[in-house]
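Have a look at the structure below, then the notes.
These numbers were taken from a predicted model, which means no experiment stands behind them.
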Amino acid sequence: MTRDIRPWPALWALLIGFFMILVDSTIVNIANPAIMEHFDAGITEVIWVTSAYLLSYAVLLLLAGRLGDRFGPKTLFLTGLVVFTIASAWCGLADSITMLIVARVVQGIGGALLTPQSMAIITRIFPPQQRGAAMGIWGAAAGVALLVGPLAGGLLVDSLGWEWIFFVNLPVGVIGFILAWTYVPKLETHPHRFDWIGVALSAVGMFLLVFGIQEGETYDWGTITGPITVWGMIASGLVVMTLFIVWQARNRSEPLLPLGLFRDRNFAIANGAISMMGMVVSSMVIPLIFFTQIVLGYSPTNSALILLPMALLVMPLSPVFGKLIGRYNPKWFVLAGFVIFAISLYVYSLTFQPGQSWAILLIPSAIMGVGQAAIWGPLGTIATRNLPMHQAGAGSGIYNTTRQIGAVIGSAAISALITARLTANIPGYTEASAQHSTGALPDMVAQPFADAMAQALWLPIIAVSLAAVLSLFLEKPKPVAWGAPAEAAAAAH
């Protein structure tokens with residue numbers, strides 16, 4: 001690390017852009033009912049606004065990590081910030097649900113270029129003894145975003161309209177660009193060949209999987225068109241993803257997914273756990289928002305305030321856990337965090353009743369805050385602690401990709417599950433009947449609708465429980481000397 005690098009100012013500059021990406025992934029959920037009403041769209045269509053973003057984001061993360069290693073993480077970070085900011089303006093100006101979905105795809109591309117660079121830069125500019133604290137702040141940013149996103153979304157939707165959840169990114173993007181240009185250092189680059197076959201296979205496989213899962217209920221899990229069926233599309237996606245893994249194993253040049261990194265036990269397990277975490281975060285908010293706004297008739301702002309205790313606890317606790325993991329095995333913080341998170345979601349499922357008190361809904365939110373604070377920073381530290389410096393971009397790209405793969409599958413799965421439970425619980429329910437279901441529901445429909453949302457919460461409950469089981473197999477990270485050659489770091493594995 002050169003002497004002119006100032007890691008802490010660089011960290012705060014990075015967090016502006018990273019924070020904007022996180023806010024945007026949560027701010028849209030609070031506006032789903034308003035977007036659905038504005039475009040006269042169904043639940044499946046409006047969830048595609050989120051899924052399209054997550055899909056393009058996930059597909060390009062691995063490539064973006066390698067591009068950062070090749071052209072410099074600062075260059076890719078700034079490029080991603082520009083693309084994301086411009087696409088945000090396009091989202092706000094969209095005049096149809098289709099155009100909004102397309103703009104969200106471009107926004108996802110910008111987010112994919114930006115995200116792995118933030119983690120790679122942190123890994124490369126902070127010495128090991130400070131990296132835990134830095135990762136703790138990185139985790140706290142996620143907690144703040146979980147509050148700011150829904151709350152800002154609620155305020156903007158209530159006062160100015162849903163378009164402003166995207167327009168608000170414009171000044172943030174400009175400020176973030178100036179700060180990153182000023183404080184983020186240019187780091188050494190490494191030559192890479194780009195695995196375009198791997199990019200194509202992963203993109204096609206992910207699209208087939210996500211489209212099949214999310215649209216399955218729309219087509220009654222039958223024929224989409226001609227000989228193409230939902231199950232055929234899902235099976236094809238699995239086959240293509242299998243081909244992607246086989247190609248990565250046989251590619252002797254430079255694969256998109258360096259499978260050798262998975263020889264490290266902690267890296268492999270942390271990636272599995274963070275994929276479950278991505279599934280949980282993307283799927284849990286949607287039933288909560290539909291319940292509070294459609295069953296209870298809350299405004300977007302009041303609906304978002306439900307998450308206030310969670311964010312207020314994540315913010316101060318994340319840096320605390322970040323400092324503690326330098327002295328204690330971070331595995332135990334991660335395990336406790338997942339268990340607490342699972343408990344909070346189960347408690348939420350019990351509270352989904354018409355006429356429920358607003359204060360009661362705050363209790364599981366607070367429990368969730370404690371759990372999340374113990375997960376983000378410690379798990380990120382475990383995953384990246386011993387990565388060779390020349391593969392920092394690839395490693396952070398993989399870690400963020402697995403999180404986003406979990407998120408996009410979670411978003412698609414929760415859409416299918418919500419539609420299936422509504423169809424089962426409400427006789428005569430169709431996507432068309434849901435297009436005008438904003439505001440409090442009639443009593444005869446409110447209870448089955450609330451039950452459907454509570455039942456849908458079992459998806460994130462199961463996912464976070466699986467993450468807890470995975471975390472049992474984590475090992476205490478082995479110390480690696482700062483500045484050691486890549487070969488020495490790899491040997492520590």
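Between atom CE of residue Met279 and atom CD1 of residue Ile462 there is a gap of 10.5 Å, rounded to the nearest 0.5 Å. Considering CH2 of Trp376 and OG1 of Thr381, their distance stands at 13.5 Å, rounded to 0.5 Å. One distance of note links CG of Leu113 with CG of Leu78; it measures 11.5 Å at 0.5 Å rounding. Taking CD1 of Ile30 as the reference point, atom CD1 of Ile286 lies at 11.5 Å (rounded to 0.5 Å). Taking CZ from Arg104 and CG from Leu54, the interatomic distance works out to 7.5 Å, rounded to the nearest 0.5 Å. Summarising the geometry, atom CG belonging to Leu55 is positioned 9.5 Å from atom CG belonging to Leu60; distances are rounded to the nearest 0.5 Å.
Across all non-hydrogen atoms, the minimal contact from Phe341 to Val464 is CB-CG2, 3.8 Å. Nearest heavy atoms, Ile125 versus Pro185: CG2-CG, 4.1 Å. Considering all non-hydrogen atoms of both residues, Val157 and Pro300 come closest at CG1-CG, 3.8 Å. Phe267 and Ala383 get closest at one heavy-atom pair: CD1-O, 3.1 Å. Taking all atoms of both residues into account, the shortest heavy-atom contact from Pro460 to Val280 is O-CG2, 3.5 Å. The shortest non-hydrogen separation linking Ala94 to Trp162 is O-CH2, 4.2 Å.
With Asn169 contributing its side chain and Ser88 its backbone, the two residues share no donor-acceptor pair below 3.5 Å. Without hydrogens or angle criteria, Thr301 side chain to Leu155 main chain gives a donor-acceptor distance under 3.5 Å. Under the 3.5 Å distance criterion, the side-chain polar atoms of Gln117 are matched with a main-chain donor or acceptor of Ala64. Formation of a donor-acceptor pair under 3.5 Å by the Lys476 side chain with backbone atoms of Asn329 is not found in this model. The main-chain N or O of Ser471 is never found under 3.5 Å from a side-chain atom of Lys331 such that the two would form a donor-acceptor pair.
Within 6.0 Å of atom CZ in Phe262, more than 12 heavy atoms from other residues, nucleotides or ligands are found, so the atom counts as buried in its surroundings. Environment of CZ in Phe177: crowded, with over 12 heavy atoms of neighbouring residues, nucleotides or ligands closer than 6.0 Å. Within 6.0 Å of the CH2 atom in Trp90, the count of heavy atoms belonging to other residues, nucleotides or ligands exceeds 12.
Annotation: side chain of Leu379 is in contact with side chain of Tyr399 (closest heavy-atom distance under 4.5 Å). When side chains are defined from C-beta on, Pro258 counts as touching Ile398, because their heavy atoms get closer than 4.5 Å. A 4.5 Å side-chain heavy-atom check between Thr351 and Tyr348 finds at least one atom pair inside the cut-off. Met241 has its side chain within reach of Met206: a pair of non-hydrogen atoms, C-beta onward, lies under 4.5 Å apart. Counting heavy atoms from C-beta outward, Val23 and Val172 have side chains that stay 4.5 Å or more apart. Side-chain atoms of Tyr183 and Leu14, non-hydrogen and from C-beta on, never get closer than 4.5 Å to each other. Between Thr115 and Arg403 the shortest side-chain heavy-atom distance falls below 4.5 Å. Between Ile414 and Ser282 the shortest side-chain heavy-atom distance does not fall below 4.5 Å.
Donor-acceptor pairing under 3.5 Å is recorded for the side chains of Ser51 and Ser411.
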Below 3.5 Å, can you tabulate the donor-acceptor pairs from side chains in residues 359-371 to any protein atom, sequence neighbours excluded?
from   : atom 1 : to     : atom 2 : distance (Å)
Ser365 : OG     : Ile306 : O      : 2.9
Ser365 : OG     : Met310 : N      : 3.1

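Ring geometry, Phe126 versus Trp8: the interplanar angle exceeds 60°, so the pair is classed perpendicular (tilted spans 30 to 60°). Between Phe167 and Trp164, the ring-plane angle classifies as perpendicular under the 30° and 60° cut-offs.
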Check the pair Leu417 / Trp458 against side-chain contact (heavy atoms from CB on, under 4.5 Å), numbers first and verdict last.
-> CA-CA 10 Å; Leu417 185 55; Trp458 277 98; 5.9 Å; no

Step-by-step side-chain contact (heavy atoms from CB on, under 4.5 Å) determination, Phe166 to Asp24 = CA-CA 8 Å; Phe166 299 110; Asp24 207 74; 4.1 Å; yes

With side-chain contact (heavy atoms from CB on, under 4.5 Å) as the test, would you mind laying out the steps for Ile197 and Asn251 before giving the verdict?
-> CA-CA 10 Å; Ile197 295 176; Asn251 184 356; over 6 Å; no

Determine, step by step, whether Asn302 and Thr292 satisfy the side-chain contact (heavy atoms from CB on, under 4.5 Å) criterion, reporting the C-alpha distance in whole Å, the side-chain angles of both residues, the deciding distance to 0.1 Å, and the verdict.
-> CA-CA 9 Å; Asn302 287 336; Thr292 54; over 6 Å; no

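Trp247 and Phe244 have their aromatic ring centers separated by at least 6.0 angstrom.
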